[in-house]
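Here is the structure we will look at, set down as structure tokens.
Whatever order the structure lists them in is the order used to number ligands and atoms, beginning at 1.
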Amino acid sequence: LSCFEGVQQAPPDPILGITDGFLKDTSPQKLNLGVGAYRTEEGRPLVLSAVRKAERMVVDDATRNKEYIPMGGNPQFCALSAALAFGPDSDCSREGRLATLQALSGTGALAVGGAFLARHYQASKAIYLPVPTWGNHHGVFGSAGLVVRPYRYYHAPTRALDYAGLIADLGAAEPGAIVLLHACAHNPTGVDPSPEQWRGILRVVQERRLLPFFDSAYQGFASGDLDADAAALRLFASARGPGGRPQELLLAQSFAKNMGLYGERVGALHVIAACPQVRGRVESQVKIAVRQMYSSPPIHGAAVATAVMANPALSAEWQAELASMAGRIKAMRAALVAALAEAGAPGSWDHITSQIGMFSYTGLTKEQCIHLRDKWHIYMTLDGRISMAGVSHKRVRYLADAIADAVR
Ligand code: PLP
């Protein structure tokens, strides 16, 4: 008998489980719209040309070695990541109030930030998450030791932001509570607040003295423009509260999607503090959390991202490739809406083009998603979310015919 006899089988991961089903499906027509990774028109993963070139530079650099790097990671990577997120001349950076640590992609930054807050943030242990949100937020923050609470975000009948519900819920949050905000391209809905709504969210955050924790997994992927997609984050980062007190916040930044570095696990955790003294103390405690979790981050992926960002030609090439990925996704949104009209799918599908980012929240019911899977070999999460990156000119009519069949 095993000493692990009492261990129960874990439930399958809702997203990774989709890929399992897709791989087992032998139909030549099958289509995987479950994964949150970019695909080319041919349906293949893409390594960016700027990344390939940077990688060659890193590998050929004979001065590099494999020594451990500090707990906080590669300093040049941290400085360039901060400039990418907050802008090249941000107040928080110039005033010495910004702590930046390299992290194991976005998830690792969320986990380290969560662990730091659970141990050292005194005002509250509650973190408010939008409904719905990226599924892993619950597990990451729950296991960090925070108490997860919901705030209203998506309004299903209008397929738009439930702004009144959001403001009401954050306005009733306990003072000092943490609030998770998707910096842009909200996953899974593709619905973001307008600039004016962001100002309203900042107002309620300041009134309740909430601590914003931004999750930025799609900078540049929503609009194709790195600066435009950082606008909400920068609004908060440059805000001052009563008495000129700088707005404090955390940011989990991922390079998985915008640089296509998924499996390299490249990201950063940033903390903006009110003054350099507090920043120093916070940074020292975040480093202890890192030390206890994995000691120090890996070198390769961050070196590649650094080479891209530090080299003006490679950086320009990267941004052009990023704009082209975002452009293909936008084109697929328009193509799907047109194909749905041609297929005679009842109802309005305009939300597909008004939503942004990698995903579209189609509004399909669980039963309709199962119908698409069992009859049409189309795989997606059962909440109706499809990855627009998985759509192509070649397959869009098939997808539209299938959706039209499912909703009829
Ligand atoms: N946050 C959001 C909203 C995401 O969609 C994702 C990935 O899909 C992540 C965080 C984490 O991604 P990674 O850990 O690969 O950077």
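In the model, Thr40 has no side-chain atom that pairs as donor or acceptor with a side-chain atom of Arg44 under 3.5 Å. If you check the side chains of Arg159 and Tyr154, you find no donor sitting under 3.5 Å from an acceptor. Side-chain contact annotation: Asp215 with Trp134, donor-acceptor N/O pair under 3.5 Å absent. Side-chain atoms of His377 and Gln29 include no donor-acceptor pair closer than 3.5 Å.
Aromatic ring orientation, His182 versus His186: tilted (interplanar angle from 30° to 60°).
Of all protein heavy atoms, the one lying nearest to atom 3 (C) of ligand 1 is Asp215 OD2, 3.5 Å.
The two residues Ser81 and Met309 make their nearest non-hydrogen contact at OG-CE, 3.9 Å.
Taking the ring centre of Tyr361 as origin, the terminal cationic atom of Arg385 falls outside the region bounded by 6.0 Å and 45° from the ring axis.
Near Lys257, meaning under 4.0 Å from one of its heavy atoms, ligand 1 places the atoms 7 (C), 8 (O). Close contacts of ligand 1 with Arg265, meaning ligand atoms under 4.0 Å from a residue heavy atom, involve 13 (P), 14 (O), 15 (O). Close approach of ligand 1 to Ala256 is summarised as follows: ligand atoms under 4.0 Å from at least one heavy atom of the residue are 15 (O), 16 (O). For ligand 1, the atoms closer than 4.0 angstrom to any heavy atom of Tyr218 are 4 (C), 5 (O), 8 (O).
Considering backbone and side-chain atoms alike, Asn187 places an N or O below 3.5 Å from some N or O of ligand 1. For Thr107, a nitrogen or oxygen atom sits less than 3.5 Å from a nitrogen or oxygen atom of ligand 1, counting backbone and side chain alike. Distances between N or O atoms of Gly106 and those of ligand 1 include at least one value under 3.5 Å.
Phe255 does not count as a contact of ligand 1, since none of its heavy atoms falls under 4.0 Å from the ligand. For the pair Met358 and ligand 1, no heavy-atom separation below 4.0 Å is found. Residue His186 places every heavy atom at 4.0 Å or more from ligand 1.
Counting heavy atoms under 4.0 Å from ligand 1, residue Ser105 touches it through both backbone and side chain.
His270 places no side-chain N or O within donor-acceptor distance of the main-chain N or O of Gln253, the cut-off being under 3.5 Å.
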